[in-house]
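One structure below.
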Amino acid sequence: MKKKFLVNLISFLLLGAVALPVIPVFGDNGGVMSALSDLRALGGTWNIGETITARGSGDMFALSDTEVSSFVFEADAEFKTKSGAASIVFYSGDTPSRGSYVANIDLSAGNARIFKFESAGGATTKGEYILTSEQKRNSKFNLRVESVNGYIVYYLDGQPIVRIYDTSAKPGNKLGLLDYNTSLEFTNVRYAEIAPTDLELRSLTGGSVNFDGASYSKTTVPYGTDRSEEH
């Protein structure tokens, strides 16, 4: 049963080809979302408080001391200038431009991606989504990543847009933010550590993990379940 489940799961994540699509979500810390600890600017002009603003040119990181290996991490990003890219950063080392993963939305390029800053320099795209015409007209977005055991799902405004399975070595476990060539305002920057123990399944059309501001709820099913019957 376990082997069959893993085969079906990987097929969905990589090909999107199962009849009832599901996303793995694992046990959490009670559902409480927390703020990042000691978020600090590494470049550009940042004002870090309950509302976080950033402006400048090039890659401008803000890195926290928060370290998690399995997590839910999200932020609302509002573009004050309709250009450039807003990102949340995860699996980062102490120098994110030389080792980190990024989930971004790029209004200039018209896409959203998960990519990796390599330790040797440069970046590798892991998955890409092309923005719709309506999305390109928007200026405020919710970016959220769920990651456990190599399964990474990137949500834009609550919709899963990039799903990858990546077991390559991670540069680190720190979380942060990234502003690229624009002026941004980040709010509701928060995360929850989740433990990869009790496997849960969530239907993409319904959803058993629901954010209500500061927490999220979940529905557990036994490990080895092949599909969710929830609609």
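Computation of the quantities below employed the complete heavy-atom set of this structure, encompassing side-chain atoms and omitting hydrogens, waters and symmetry-equivalent molecules.
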Pair Phe79-Asn138, side chain to side chain contact (heavy atoms under 4.5 Å, CB included): steps then yes or no: CA-CA 9 Å; Phe79 286 82; Asn138 292 341; over 6 Å; no
Specify the closest pair of heavy atoms between [X] and [Y], including all atoms of both residues, with the distance to one decimal.
X: Pro171; Y: Tyr101; value: CD-CE1, 3.9 Å
X: Asp106; Y: Ala109; value: OD1-N, 2.9 Å
X: Gly93; Y: Leu63; value: O-CD2, 3.5 Å
X: Ala103; Y: Leu143; value: O-CD2, 3.7 Å
X: Met33; Y: Ala192; value: SD-CB, 3.6 Å

Test item: [X] side-chain N/O and [Y] main-chain N/O as donor-acceptor pair under 3.5 Å:
X: Lys170; Y: Ser168; result: yes
X: Thr182; Y: Thr81; result: yes
X: Asp38; Y: Asp65; result: no
X: Asn104; Y: Arg113; result: yes
X: Thr125; Y: Phe115; result: no
X: Thr132; Y: Gln135; result: yes
X: Ser64; Y: Leu175; result: yes

Tyr91 ring center near Phe117 ring center (under 6.0 Å):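 No, they do not, as the ring centres are separated by 6.0 Å or more.
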Presence of salt bridge, Asp76 and Lys140, under 4.0 angstrom: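 Not counted as a salt bridge, because no side-chain N and carboxylate O are separated by less than 4.0 Å.
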Asp157/Arg144 ion pair, N-O < 4.0 Å: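 Between Arg144 and Asp157 there is no salt bridge, as every charged N stays at least 4.0 Å from the carboxylate O atoms.
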Could you grab the distance from atom [atom1] of [X] to atom [atom2] of [Y], nearest 0.5 Å is fine?
X: Ser87; Y: Phe186; atom1: OG; atom2: CZ; value: 7.0 Å
X: Ser147; Y: Phe90; atom1: OG; atom2: CZ; value: 6.5 Å
X: Asp179; Y: Leu184; atom1: CG; atom2: CG; value: 4.0 Å
X: Ile105; Y: Leu156; atom1: CD1; atom2: CG; value: 4.5 Å
X: Tyr191; Y: Ser37; atom1: OH; atom2: OG; value: 6.0 Å
X: Leu107; Y: Phe141; atom1: CG; atom2: CZ; value: 5.0 Å

Residues Tyr165, Tyr151; criterion ring pair (Phe, Tyr, Trp, His ring centres under 6.0 Å); working and verdict: CA-CA 5 Å; Tyr165 178 67; Tyr151 298 101; 4.6 Å; yes
Listed partners of Asp94 passing salt bridge (Lys or Arg N to Asp or Glu O under 4.0 Å), at least two apart: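 Result, salt bridge (Lys or Arg N to Asp or Glu O under 4.0 Å) vs Asp94: Lys174.
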Partner residues of Glu128 under the salt bridge (Lys or Arg N to Asp or Glu O under 4.0 Å) criterion, sequence neighbours left out: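 Not a single residue meets the salt bridge (Lys or Arg N to Asp or Glu O under 4.0 Å) criterion with Glu128.
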Residue pair Asn188, Glu74: steps toward the side-chain hydrogen bond (donor to acceptor under 3.5 Å, both in side chains) verdict: CA-CA 8 Å; Asn188 301 316; Glu74 71 168 356; over 6 Å; no
From CA spacing to verdict: side chain to side chain contact (heavy atoms under 4.5 Å, CB included), Ile161, Tyr155: CA-CA 6 Å; Ile161 59 168; Tyr155 297 82; over 6 Å; no
More than 12 heavy atoms of other groups within 6.0 Å of Tyr180 OH: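 Atom OH in Tyr180 is not crowded, with 12 or fewer foreign heavy atoms closer than 6.0 Å.
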CA sep, side-chain torsions, deciding dist, call: Val162, Val153, side chain to side chain contact (heavy atoms under 4.5 Å, CB included): CA-CA 6 Å; Val162 178; Val153 184; over 6 Å; no
Stepwise salt bridge (charged side-chain N to carboxylate O under 4.0 Å, His left out) test for Glu134 and Lys136: CA-CA 5 Å; Glu134 181 179 357; Lys136 291 177 183 178; over 6 Å; no
Do [X] and [Y] make a side-chain contact, defined as non-hydrogen atoms from C-beta onward lying under 4.5 Å apart?
X: Leu177; Y: Ile52; value: yes
X: Tyr154; Y: Ile152; value: no
X: Val145; Y: Val72; value: no
X: Ser97; Y: Thr95; value: yes
X: Ser139; Y: Lys82; value: yes

Thr124-Glu118 side chain donor-acceptor pair, cut-off 3.5 Å: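 On atom types as modelled, these side chains qualify, holding a pair under 3.5 Å.
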Worked check of side chain to side chain contact (heavy atoms under 4.5 Å, CB included) between Leu36 and Val189: CA-CA 7 Å; Leu36 301 182; Val189 180; 3.8 Å; yes
